[in-house]
S.K.: 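Okay, handing you the structure first.
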Amino acid sequence: MTSQWAVHRLPKSFRDERFLPERWLNTETKDLPRCATFRFGAGPRVCIAQSFAMMETTILLASITQRFEVECLPGPEILPCATMTLDRRLGVQVLLKIM
Ligand code: HEM
């Protein structure tokens with residue numbers, strides 16, 4: 001077993017733990033070792049849908065953000081919950097407003 005939670009937060013790979021999607025657009029993450037992130041696993045059991053999932057997610061996010069304004073509603077603190085995949089303990093409520 002390997003912990004994505006721990007490996008994806010190693011200070012030697014990432015300068016901080018904040019959610020910074022733009023870190024993937026700049027040179028900060030360009031020279032990371034191959035398994036510094038392994039969202040889709042690695043080795044012989046790697047996810048067979050890795051490319052599909054990345055494309056699907058990009059299209060989904062682009063489609064949603066073109067049509068809706070997404071507002072995070074006030075609620076309980078967002079707490080991680082370790083299951084087969086990383087989940088949120090109490091969910092996250094958002095409001096979608098048609099643009
Ligand atoms: C963001 C979406 C996804 C993530 C983060 C993800 C992640 C993973 C991970 C971590 C594994 C396990 C690798 C291991 O055992 O070490 C896996 C395996 C697998 N995934 Fe995904 N996955 C995603 C989407 C999908 C989709 C959409 C499909 C199918 C349409 C899929 C099909 C599979 C299959 C069949 C395996 C088993 C591969 C094997 O054991 O040989 N995944 N995935």
Side-chain angles (χ1 to χ4, degrees):
M1 293 285 284
T2 46
S3 168
Q4 290 185 341
W5 179 268
V7 174
H8 292 182
R9 283 164 180 74
L10 284 177
K12 73 174 181 184
S13 300
F14 305 102
R15 70 187 144 92
D16 60 48
E17 291 187 11
R18 282 179 300 150
F19 177 64
L20 298 171
E22 63 273 20
R23 75 170 90 228
W24 302 103
L25 295 173
N26 58 35
T27 51
E28 181 190 338
T29 48
K30 194 171 62 74
D31 297 321
L32 283 176
R34 199 163 142 256
C35 287
T37 65
F38 52 100
R39 295 153 280 200
F40 295 96
R45 310 306 304 192
V46 73
C47 178
I48 57 165
Q50 182 169 167
S51 302
F52 168 75
M54 289 302 284
M55 182 181 65
E56 183 188 31
T57 308
T58 306
I59 292 171
L60 202 65
L61 282 174
S63 305
I64 292 170
T65 53
Q66 273 170 21
R67 292 171 178 78
F68 301 99
E69 204 175 292
V70 186
E71 186 188 321
C72 202
L73 294 174
E77 188 187 353
I78 299 172
L79 295 169
C81 176
T83 63
M84 184 65 188
T85 57
L86 184 63
D87 208 340
R88 300 116 317 183
R89 197 160 294 158
L90 299 168
V92 180
Q93 288 202 323
V94 295
L95 183 67
L96 296 184
K97 290 185 202 159
I98 298 171
M99 297 205 304

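These numbers were taken from a predicted model, which means no experiment stands behind them. Indexing begins at 1, ligand by ligand and atom by atom, following the structure's order.
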S.K.: What's the shortest heavy-atom distance between Cys72 and Val92, and which atoms?
M.R.: SG-CG1, 3.8 Å
S.K.: If you have a sec, work out which protein heavy atom is nearest atom 18 (C) of ligand 1 and how many Å separate them, to one decimal?
M.R.: Cys47 CA, 3.6 Å
S.K.: Could you say whether the N/O atoms of Arg45 and ligand 1 ever approach to under 3.5 Å?
M.R.: yes
S.K.: By number and element, which atoms of ligand 1 are closer than 4.0 Å to a non-hydrogen atom of Val46?
M.R.: 38 (C)
S.K.: Using a strict cut-off of 4.0 Å, indicate which atoms of ligand 1 neighbour a heavy atom of Arg39.
M.R.: 5 (C), 7 (C), 10 (C)
S.K.: Is at least one protein non-hydrogen atom found at under 4.0 angstrom from atom 7 (C) of ligand 1?
M.R.: yes
S.K.: Considering only the protein, which heavy-atom contact is closest to atom 30 (C) of ligand 1, and what is its distance?
M.R.: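 Ranking protein heavy atoms by distance from atom 30 (C) of ligand 1, first comes Ala49 CB, 4.0 Å.
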S.K.: Starting from atom 2 (C) of ligand 1, locate the nearest protein heavy atom and write down its residue, its atom name and how far away it is, to 0.1 Å.
M.R.: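 Ranking protein heavy atoms by distance from atom 2 (C) of ligand 1, first comes Ala53 CB, 3.6 Å.
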S.K.: Among protein heavy atoms, which sits nearest to atom 4 (C) of ligand 1, and what does the distance come to when rounded to 0.1 Å?
M.R.: Phe40 CE2, 3.3 Å
S.K.: Can you hop from Phe14 to Leu25 via hydrophobic side chains spaced under 4.5 Å?
M.R.: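 In one cluster: no.
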S.K.: Where is the nearest protein heavy atom to atom 34 (C) of ligand 1: which residue, which atom, and how far?
M.R.: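 Protein heavy atom at minimum distance: Ile48 CG1, 3.7 Å.
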S.K.: Applying the 4.5 Å side-chain criterion to the ILVMFWY set and letting contacts propagate, would Leu90 and Val94 be lumped into a single cluster?
M.R.: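 They do not share one cluster, since no chain of ILVMFWY contacts under 4.5 Å joins Leu90 to Val94.
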S.K.: Please find the pair of heavy atoms, one from His8 and one from Phe38, that lie closest to each other, and give the distance.
M.R.: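 Smallest heavy-atom distance, with atoms named: NE2-N, 2.9 Å.
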